[in-house]
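Taking it in order: structure first as structure tokens, then the write-up.
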Protein chains: 2
Amino acid sequence: MNRPITLYIIDDHTLVTDGIKAMLAGNNSLTVAACFSNGADFFRGIKISQPDVALIDIQLPDMSGIEIARILSETYPQVKTLILSALEDEASVTAAIKSGARGYLTKDCPKDELIKAVESVIAGNIYFGEGLSERMFKGYLQKLTRQEVPDESKAILTDREKEVVQLFAEGLLYKQIADRLQISIKTVETHKANIMRKLEIKNTAELVKYAIRQNLTSL
Amino acid sequence: MNRPITLYIIDDHTLVTDGIKAMLAGNNSLTVAACFSNGADFFRGIKISQPDVALIDIQLPDMSGIEIARILSETYPQVKTLILSALEDEASVTAAIKSGARGYLTKDCPKDELIKAVESVIAGNIYFGEGLSERMFKGYLQKLTRQEVPDESKAILTDREKEVVQLFAEGLLYKQIADRLQISIKTVETHKANIMRKLEIKNTAELVKYAIRQNLTSL
DNA sequence: CTACACATCAGGGTTTTCCCTGATAATAAG
DNA sequence: CTTATTATCAGGGAAAACCCTGATGTGTAG
């Protein structure tokens, strides 16, 4: 028999990691080598030994799973990464692939799919849950080759723009932001417009949510 | 040996439900009788047969776990409810207890804690994860008995106002909200003003954050 | 019956935001 | 040296949001 496939899980929800471990307990072709609850711990761990596959939750306390996948694909390209997410929005999926991940699983996938996904990426394939593969992947590939996918995880915003986002997310008015940053209202307007264009969002509510996701403001 | 404790799980993440099922597979004092991925299915199921404990995720596609707990405590008070959440903010915890839930577990709790929690609520206790019990519960009790703290979880908002909050948090304009709710812009203005006064907030950013905390909109 | 909360709406004015078309300077990259 | 990016700013008008005062009908609890 072959050496079992080793798996690292990066997820801060013990119930999820324990659950996966329990599910794979009887499976001797797949073993959970280690679990990490945040990015920092994971990177410490991977220096010591590398798994075949890393199953990474997208939402982590210290950094985004996408960011981890990106770094991982550069530093340990032989480690296949699978992104695990509660959501299934196109932006996250495309961001996941752009980051170098080999697959995208939602937490509401059937348990068999997890095993299938792991075996699939080990075999060198890219795996997406069910209908997702066809529905999104083709369209995505077209976009990818043309470099026109806006990738939130990469945060194309400049430092100044991030400051502005943060202050908007704190609820400040244009005038107040202008005073705080010692610039004119017009400049704040320009920044806001640029931010909205870059993030492809249309209202302040989305801006606030973006700021929260990026840890620019607290909930 | 006693009849095993029966458990219903309400969570739309199959990985979580399957995980818990797998974890409890070898435990014969506790069995997962059924899993539901949304509130509607759950209420259909509970009409047929009632479990001892319902483990309810706070974020569900059709309604809040808090709302389910509230209804459940009124219609089937003998069913003990445990709220399962990814977050651990005070507002959610207090909301959980006010809704009639007997305990609050975060998804990053150790697996033993789940069993402990279930056994604890069956024994008639109220269970909170670790430090949470002392850190929050006492303060909460004080608030409850004195009714003098503006308690966000109490959500003094009317149903109509919650609808308005939700739509604002989705980024809709006054006009769009008016159209959606089939009322005039002036009425939307009134609702917004009342909401802001009640919540003691001064800007839309805070409103969005409130909506997110209350699960009225997604991040 | 009488409050009280709730949801509805109006007029009218002020403030803020949004949108458009511009411009300038500094700095970095090619 | 040219080009791109970033950060800065202006004018002017349209749209939206905000603020204040006030009103009506419908329930519901005492």
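Quick note on labels: first sequence line is chain A, next is B, and so on, each numbered from 1. Just so it is clear, the values below take in all heavy atoms, side chains as well, and ignore hydrogens, waters and symmetry mates.
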Would you say [N] has OP1 or OP2 under 4.0 Å from some side-chain N or O of [X]?
X	N	answer
B:Y174	D:dC18	yes
B:K192	D:dC18	yes
B:T190	C:dA7	no

> Roughly how far apart are B:K186 NZ and B:Y174 OH, rounded to 0.5 Å?
Replying inline: 10.0 Å

> What nucleotide, of C:dC9, C:dC6, D:dT6, holds the atom closest to the side chain of A:T158?
Replying inline: D:dT6

> Any idea which of D:dC18, C:dT17, D:dT6 is nearest the B:T204 side chain?
Replying inline: D:dC18

How long is the line joining [atom1] of [X] and [atom2] of [N], in whole Å?
X	N	atom1	atom2	answer
A:N194	D:dC9	CG	P	14 Å
B:K162	C:dA7	NZ	P	11 Å
A:H191	D:dC9	NE2	C1'	10 Å
B:I177	C:dA7	CD1	P	15 Å
B:L173	D:dA17	CG	C1'	10 Å
B:N203	C:dT16	CG	P	14 Å
A:I185	D:dT8	CD1	P	14 Å
B:I183	C:dC6	CD1	C1'	12 Å

>> Strictly distance-based, threshold 3.5 Å: is any side-chain N or O of B:N38 a donor or acceptor partner for the main-chain N or O of B:D41?
In response: yes

> Is any side-chain N or O of A:E189 under 3.5 Å from a base N or O of C:dC19, one able to act as donor and the other as acceptor?
Replying inline: yes

> Closest nucleotide of DNA chain C for B:R160 versus for B:K186: which of these residues is on the 5' side?
Replying inline: B:R160

>> Out of the candidates A:D11, A:L84, A:I10, only one should pair with A:I56 under the side chain to side chain contact (heavy atoms under 4.5 Å, CB included) rule; please name it.
In response: A:I10

> In this structure, are over 12 heavy atoms from other groups packed under 6.0 Å from B:K198 atom NZ?
Replying inline: yes

> So what does B:T187 hit on the nucleic acid, given a heavy-atom distance under 4.0 Å: a base, only sugar-phosphate, or nothing?
Replying inline: base

> So, do A:I83 and A:L105 sit near enough that their side-chain heavy atoms are less than 4.5 Å apart?
Replying inline: no

